[in-house]
Amino acid sequence: MKKLNGQKINVLFHWRGKKLELLGAKAAWDPLQKILFLADLHLGKAETFQCYGIPFPSDGDCSTLNDLLNLAHQMQPEQVMVLGDLIHSHLGLTPELRMKLKALPELLGCPLRLIGGNHEKGSWIEGLCQEPAQALGGWWLSHIPEPRAGLLNICGHLHPVALVGGGADRLRLQCFSYSEKYERLALPAFGRLTGGHPCSKDEKIWLVADGSVMEWKQN
């Protein structure tokens with residue numbers, strides 16, 4: 001574990017002699033390659049719902065983008081890689097969001113790369129091509145889980161959450177989840193306006209709460 005700013009706690013994840021740092025900011029950090037991995041921002045989700053006549057607050061994008069910029073300024077990555085679902089749909093790609101996305105690499109201070117997710121299908125984002133799943137070092141990067149022999153699959157899409165407590169005190173907390181069977185590490189959804197799906201009982205999980213990460217044993 002590593003304390004951040006004297007308070008926040010991150011966790012080192014070891015896999016076949018390689019390591020990642022699981023961050024309380026809902027991202028993973030490769031300290032050797034200085035790459036920041038995150039997934040499932042779902043920008044423009046509120047505007048997508050509004051297109052269907054469903055009232056939804058529109059401030060989630062600002063909070064999510066500010067979270068990303070603060071994290072990048074703190075970690076100083078050489079690359080930021082989004083493992084799919086940067087946006088929620090083409091309906092939410094307003095002119096304002098397009099301008100923010102165009103300015104994002106400069107604001108991050110490094111290249112922004114996107115592994116195409118299911119929510120990007122049919123969308124075009126200026127200056128940001130959708131890349132296929134790919135190997136990078138010892139990792140296989142994808143949006144939808146896609147195991148590859150000999151590589152750790154780092155993915156998004158699953159929006160893992162853990163059910164903690166019981167009865168009226170039961171909580172759904174975002175988490176990182178690792179499947180030893182599939183050699184897969186699923187990242188929590190980075191976006192503020194996202195739901196989640198409970199992990200299976202055979203997965204190892206690390207809860208994300210109050211900006212810190214902690215290992216959790218499932219019952």
Nearest 0.5 angstrom please: [X] [atom1] to [Y] [atom2], how far?
X	Y	atom1	atom2	value
Leu207	Ser212	CG	OG	11.0 Å
Thr94	Asp61	OG1	CG	7.5 Å
Leu65	Asn70	CG	CG	11.0 Å
Leu97	Ile87	CG	CD1	7.5 Å
Ile205	Cys175	CD1	SG	5.0 Å
Leu151	Glu146	CG	CD	11.0 Å

Indicate yes or no: at least one non-hydrogen side-chain atom of [X] is less than 4.5 angstrom from one of [Y].
X	Y	result
Asn153	Arg148	no
Asp85	His143	yes
Arg98	Leu101	no
Leu68	Leu104	yes
Val80	Cys110	yes
Trp15	Glu183	yes
Arg172	Pro198	yes
Leu136	Ile35	yes

Kindly write out the residues that satisfy side chain to side chain donor-acceptor pair (under 3.5 Å) with [X], not counting sequence neighbours, or none if the list is empty.
X	answer
Arg113	Gln79, Glu131, Gln134
Asp30	Gln33, Trp139
Glu203	Ser177, Arg184, Ser200

So which atom in [X] and which in [Y] form the shortest heavy-atom distance, rounded to 0.1 Å?
X	Y	result
Ala39	Gly156	CB-CA, 3.7 Å
Val161	Gly196	CG1-CA, 3.6 Å
Pro145	Pro147	C-CD, 3.9 Å
Val208	Pro188	CG2-CG, 4.4 Å
Leu22	Ala28	CD2-CB, 4.5 Å
Gly24	Asn10	N-OD1, 3.0 Å

Answer yes if [X] and [Y] sit in the same cluster of Ile, Leu, Val, Met, Phe, Trp and Tyr residues linked by side chain heavy atoms under 4.5 Å apart, and no otherwise.
X	Y	value
Leu23	Leu69	yes
Met81	Leu158	no
Leu128	Leu38	yes
Val82	Ile125	yes
Ile154	Trp140	no

Sequence neighbours excluded, which residues qualify as side-chain contact (heavy atoms from CB on, under 4.5 Å) partners of [X]?
X	value
Lys34	Trp29, Glu78
Pro105	Leu112
Pro111	none
Glu180	Tyr178

Show the numbers, then the answer: is there a side chain to side chain contact (heavy atoms under 4.5 Å, CB included) between Phe190 and Leu71? CA-CA 11 Å; Phe190 192 86; Leu71 182 58; 4.2 Å; yes

Partners meeting salt bridge (Lys or Arg N to Asp or Glu O under 4.0 Å) with [X] (sequence neighbours left out):
X	value
Lys181	none
Lys100	Glu96
Asp210	Lys8

Main-chain N/O of [Y] paired with [X] side-chain donor or acceptor, under 3.5 Å:
X	Y	value
Gln174	Ala189	yes
His73	Leu107	yes
Asp40	Gly191	no
Glu120	Leu86	yes

Side-chain ion pair, Lys217 and Glu215, N-O less than 4.0 Å: yes

Any pair counted as ring pair (Phe, Tyr, Trp, His ring centres under 6.0 Å), so long as it reaches residues 196-219, sequence neighbours left out: Phe13-Trp206

Grouping ILVMFWY residues whenever side-chain heavy atoms fall under 4.5 Å, the cluster of Met99 otherwise contains none

